[in-house]
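We number each residue from 1, following the sequence as shown. Small disclaimer: the values here were computed from a predicted structure and weren't measured. Note that ligands are numbered from 1 as they come in the structure, with each ligand's atoms numbered from 1 the same way.
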Amino acid sequence: MSGFDVKQVRADFPILHQEVRGRPLVYLDSAATAQKPQAVIDALVRFYQHDNANVHRGVHVLSERATEAYEGARETVRRFINARDVKEIVFVRGTTEAINLVAQTYGRKHIGAGDEVLITQMEHHANIVPWRMLCEQTGAVLKVIPVDDRGELVLDAVDALLTERTRILAVTQVSNALGTVVPVKELTRRAHAKGIPVLVDGAQAVTHFPVDVQDLGCDFYAFSGHKMFGPTGIGVLYGRMDRLEAMPPYQGGGDMILSVTMEKVTYNRVPYRFEAGTPNLEGAVGLAAAIRYLESLGMENVAAHDRELLAYATQALESVPGLRMVGTAREKSGVLSFMLADIHPHDVGTILDREGICIRTGHHCAQPVMQHFKVPATSRASLALYNTREDVDALVRGLHKVLEVFQ
Ligand code: PMP
């Protein structure tokens, strides 16, 4: 594969080169949070060693440099997702905050009693709870697109669920619990045909394949830095300019205002209106470094690696006796969720941990989709650009060990 050498990629991630529990570390939990390349770690250190100061308000050289770094990061994000205008990029803490921001600004302004919010059954709690809360605050109704037994959306149900009362469609691009890739471009087309705006949760998508928000056509796109090899505590809300312009502010404080008297506040322009207080400067700098790292590999190459490894892993896991995959969508990305015989996922995870293998077990903050599959929890191995066939082979050996212990 041109431009992508996984051995070289692994060398960029210092954390991977250690032993845990007396074994070489096998990290298969990147859907929860991804590891950081040296380039990101260096960018954070460099920022604190050379450029740290508060942004926007200072006249001194360090403030100028910090502002340049922060605003430069905004431009890097714009380029990465191909937004039209850098002002369409709002820095937030992560996907969770991005969705809460839209629910509490766009939602509070445009969604009232009897209106409908449409989500899907496979959403992460971050794309359920903010809408549930909004519904409780306003008397709106939460509607749900069902999933089938493969873990794909029932697309035939969508048109009837997009009604004249639907005020927003909020949908994930990739399910963190199943790995399903959702056809968000097609859903956006259908929603827009009825004048309904669309929010896409891109938390599990941006790390795996190229994302172009103009091509998707969505109104909002949310993602987290920490899942795409950047720092925690930084994320992005992309909003189409006309949508952002029409939204009231989110939190109040410094930087989001133009002027304040005790009687009246004039709010700042987009995107600063939504960024109250001192922002996560080093987070933005680190996120920009992560994006440059991904760009240096090429997102098409990353996507090809991820596709190839997922196919290998799917086949390898299916060879394990008693293993049942949860989520067998025709298009998947990055995630393998499964049950092993009648062994509780927690026990699977604990025994794998003794072998130095990190996976996640539980409901993956997606309880409604677990309920659909009638399981309280699954074991989930998730793949990233630094994972290899050897990691998958180690997982398979580990699962055989689990079976030996329990049977
Ligand atoms: N949506 C999806 C699909 C996710 O996987 C996650 C994180 N597991 C989130 C939203 C929430 O992201 P964060 O915790 O970074 O805000």
Side-chain angles (χ1 to χ4, degrees), residues 27-36 77 81 90-104 119-133 144-145 147 151-153 169-184 187 198-209 211 216 218 220-238 250 274 280 283-284 286-287 290 306 326-327 329 331-337 358-370 372 377-384:
Y27 189 74
L28 293 169
D29 195 20
S30 297
T33 201
Q35 300 303 348
K36 320 304 172 194
V77 171
I81 59 169
V90 181
F91 282 124
V92 289
R93 273 194 301 131
T95 311
T96 303
E97 187 172 46
I99 298 171
N100 276 278
L101 191 162
V102 176
Q104 288 301 313
I119 62 171
T120 86
Q121 201 168 4
M122 69 171 93
E123 297 309 313
H124 186 280
H125 295 166
N127 202 23
I128 301 173
V129 182
W131 302 114
R132 209 34 279 148
M133 288 165 69
V144 182
I145 304 172
V147 302
E152 294 182 357
L153 284 188
L169 166 63
V171 57
T172 194
Q173 191 169 12
V174 176
S175 156
N176 69 306
L178 307 175
T180 307
V181 179
V182 174
V184 289
L187 290 176
V198 177
L199 175 143
V200 176
D201 172 351
Q204 297 293 346
V206 281
T207 75
H208 289 296
F209 47 77
V211 166
L216 293 178
C218 56
F220 301 103
Y221 193 93
F223 58 99
S224 302
H226 70 98
K227 291 185 198 282
M228 53 181 293
F229 319 105
T232 41
I234 186 78
V236 172
L237 172 68
Y238 156 81
Y250 179 46
F274 304 109
N280 182 351
L287 174 58
D306 289 6
V326 178
E331 208 185 328
K332 282 181 64 170
S333 178
V335 165
L336 300 127
S337 225
C358 307
I359 65 156
R360 183 138 303 238
T361 62
H363 53 60
H364 317 298
C365 294
Q367 284 182 347
V369 83
M370 296 287 116
H372 171 77
T378 69
S379 302
R380 181 187 76 183
S382 53
L383 307 171

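Of all the heavy atoms of H226, the ones lying under 4.0 Å from any atom of ligand 1 belong exclusively to the side chain.
Side-chain contact between I234 and H226 is absent, with no heavy-atom pair separated by less than 4.5 Å.
Assignment of K227 to the shell around ligand 1 is supported, since a heavy atom sits closer than 4.0 Å. Between H364 and ligand 1 there is no heavy-atom distance shorter than 4.0 Å.
In terms of N/O distances under 3.5 Å, ligand 1 is not approached by T172. Any N or O atom pair closer than 3.5 Å counts here, and D201 shares at least one such pair with ligand 1.
Heavy-atom contacts of N176 reach the following atoms of ligand 1: 5 (O) (cutoff under 4.0 Å). Of all the atoms in ligand 1, the ones that sit under 4.0 Å from a non-hydrogen atom of T96 are 11 (C), 12 (O), 13 (P), 14 (O), 16 (O).
The two residues A329 and G151 make their nearest non-hydrogen contact at CB-O, 4.4 Å.
One option in S224, A177, G233, S175 has a heavy atom closer to atom 12 (O) of ligand 1 than any other, and that option is S224.
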For ring pair (Phe, Tyr, Trp, His ring centres under 6.0 Å), just list the numbers for H363 and H125, CA-CA rounded to whole Å, side-chain angles, deciding distance to a tenth of an Å, and then say yes or no. CA-CA 10 Å; H363 53 60; H125 295 166; 5.6 Å; yes
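Between atom CG of residue L153 and atom OG of residue S175 there is a gap of 9.5 Å, rounded to the nearest 0.5 Å.
With no hydrogens or angles considered, a side-chain donor-acceptor pair links H208 and D306 at under 3.5 Å. With 3.5 Å as the limit, one finds a donor-acceptor pair spanning the side chains of T378 and H364.
When only non-hydrogen protein atoms are considered, atom 4 (C) of ligand 1 lies nearest to H124 CD2, 3.4 Å. Ranking the protein heavy atoms by distance from atom 5 (O) of ligand 1 puts Q204 NE2, 2.7 Å first.
Under a cut-off of 6.0 angstrom, the local environment of CZ in R132 is crowded, with over 12 non-hydrogen atoms contributed by other residues, nucleotides or ligands.
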